[in-house]
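Right, one structure below, let's go through it.
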Amino acid sequence: MTWKVLLGAARVVVWPVARLRVTGALPERLRGGPVILAVNHIGPFDPVAVTAACRVARVAPRLMATGGLFKAPVVGAVMRASGHIRINRRQANVADAVDDVTRALAAGSHVLGYPEGRITLDPGMWPERGKTGLARVALATGAPVVAVAQWGAHEVAAWGGFGPTVRALARALVRRPVVRVHFGRVVDLGGIEPGAPGAAQRATDRIIDAITAELRELRADEPRLPRYIDPVRPLTVQRRHRPSGR
């Protein structure tokens, strides 16, 4: 119930700073779960935008979120009450999240995660090379993976720092940029044997490929670089994704 209330609240939060456009839908046959929603990560505001989009799409997934959120005084309690899944990045017990996600899927839950593992630092803001956690769970459980692409939330909040964030929000209040979220296709993981060497990486590459294909449609008028560039976001090509072979 806590999470359902927050799904509605996210729409209220988004309205003053953005015009939310949600397309696509979760196939009816998958609504009973389990299912993994794999989303690209472009900025600090997009979790709010994607949450609001889930409300529109009538899905209430459990979020895979960084452990820092669970430590915050108020937010942490809300995250736990909502049943979200803690990811302790760069800690010895980070692998525990795989078991937690597996149990959630076994219970028939929808689970939403960012396969890149961080906000993309690609200069063109395309999805980066993914981490293998979501793919390993998908291969182990057989849960279908749905590619979800989103674009525009990077215009609402800056990478970091109080000053840049306030300026970005003030700009968004005036312009109300369009934020698009598209629930796309089920990723084809056929032909990948779970126990084979490199299976998790091949599955991850297919997931990133699928998200990239959906994102390409959302930003057809921005095929290379985004029109809006966050001046404080660091850039690197070290984790640039290259399309996978079948």
Side-chain angles (χ1 to χ4, degrees), residues 1-26 31 33 35 37-87 104 109-114 119-120 125 146-184 211 214-215 218-219 226-228 230 232-233:
M1 184 57 67
T2 300
W3 182 223
K4 288 181 178 179
V5 170
L6 291 176
L7 285 166
R11 292 198 67 186
V12 176
V13 171
V14 169
W15 184 84
V17 294
R19 290 165 285 169
L20 183 64
R21 303 287 186 267
V22 182
T23 54
L26 190 66
R31 286 194 170 273
V35 66
L37 304 176
V39 192
N40 63 310
H41 203 357
I42 60 174
F45 188 75
D46 67 55
V48 180
V50 170
T51 297
C54 285
R55 176 66 179 84
V56 175
R58 297 184 296 111
V59 294
R62 297 173 66 178
L63 308 184
M64 298 173 66
T66 180
L69 290 176
F70 289 81
K71 297 178 182 178
V74 177
V75 175
V78 171
M79 296 293 286
R80 290 188 292 272
S82 299
H84 297 315
I85 299 168
R86 180 173 182 163
I87 311 296
S109 295
H110 297 169
V111 174
L112 185 148
Y114 295 100
I119 295 171
T120 180
M125 296 191 71
V146 173
V148 181
Q150 54 92 16
W151 186 246
H154 59 292
E155 297 191 43
V156 177
W159 167 267
F162 181 77
T165 298
V166 169
R167 288 191 291 272
L169 285 172
R171 180 178 180 273
L173 282 167
V174 174
R175 295 188 63 252
R176 293 190 72 224
V178 174
V179 172
R180 299 180 175 89
V181 181
H182 179 69
F183 291 81
I211 295 173
E214 303 291 357
L215 179 60
L218 291 188
R219 51 179 291 187
R227 280 193 299 266
Y228 175 79
D230 182 350
V232 298
R233 185 173 69 96

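- Heavy atoms only, all atoms of each residue included: Ala49 and Leu20 are closest at O-CD1, 4.1 Å.
- By the 4.5 Å heavy-atom criterion applied to side chains, Asn40 and Gln150 are counted as neighbours.
- Taking a 6.0 Å sphere around CZ of Arg62, one finds it holds more than 12 heavy atoms contributed by other residues, nucleotides or ligands.
- Below 30°, between 30° and 60°, or above 60°: for Tyr114 and His41 the angle between ring planes is below 30°, a parallel geometry.
- In this structure, Ala104 and Ile85 approach most closely via the heavy-atom pair CB-CD1, 4.0 Å.
- The shortest distance between side-chain heavy atoms of Val179 and Val14 does not fall below 4.5 Å.
- The side-chain heavy atoms of Cys54 and Phe183, taken from C-beta on, include a pair separated by under 4.5 Å.
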Could you go through residues 156-176 and list every donor-acceptor pair under 3.5 Å that involves a side-chain atom there, pairing it with any protein atom two or more places apart or in another chain?
from	atom 1	to	atom 2	distance (Å)
Thr165	OG1	Gly161	O	2.8
Arg175	NH1	Glu155	OE1	3.0
Arg176	NE	Trp15	O	2.8
Arg176	NH2	Trp15	O	2.8
Arg176	NH2	Ala18	O	3.1

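- A distance of 5.5 Å separates NE2 in His154 from CD1 in Ile42, rounded to the nearest 0.5 Å.
- Within the 4.5 Å cutoff, side-chain heavy atoms of Leu7 are placed close to those of Thr51.
- Atom NE2 of His110 and atom CG of Leu26 lie 5.5 Å apart (nearest 0.5 Å).
- No donor-acceptor pair closer than 3.5 Å links the side chain of His182 to the backbone N or O of Ala149.
- Annotation for Arg11: atom CZ does not count as buried by contact number, only 12 or fewer foreign heavy atoms lying within 6.0 Å.
- No donor-acceptor pair closer than 3.5 Å links the side chain of Arg55 to the backbone N or O of Leu6.
- Interatomic distance, Leu218 CG to Arg21 CZ, rounded to the nearest 0.5 Å: 13.0 Å.
- Here the side chains of Glu214 and Val148 are not in contact, with every heavy-atom distance at 4.5 Å or above.
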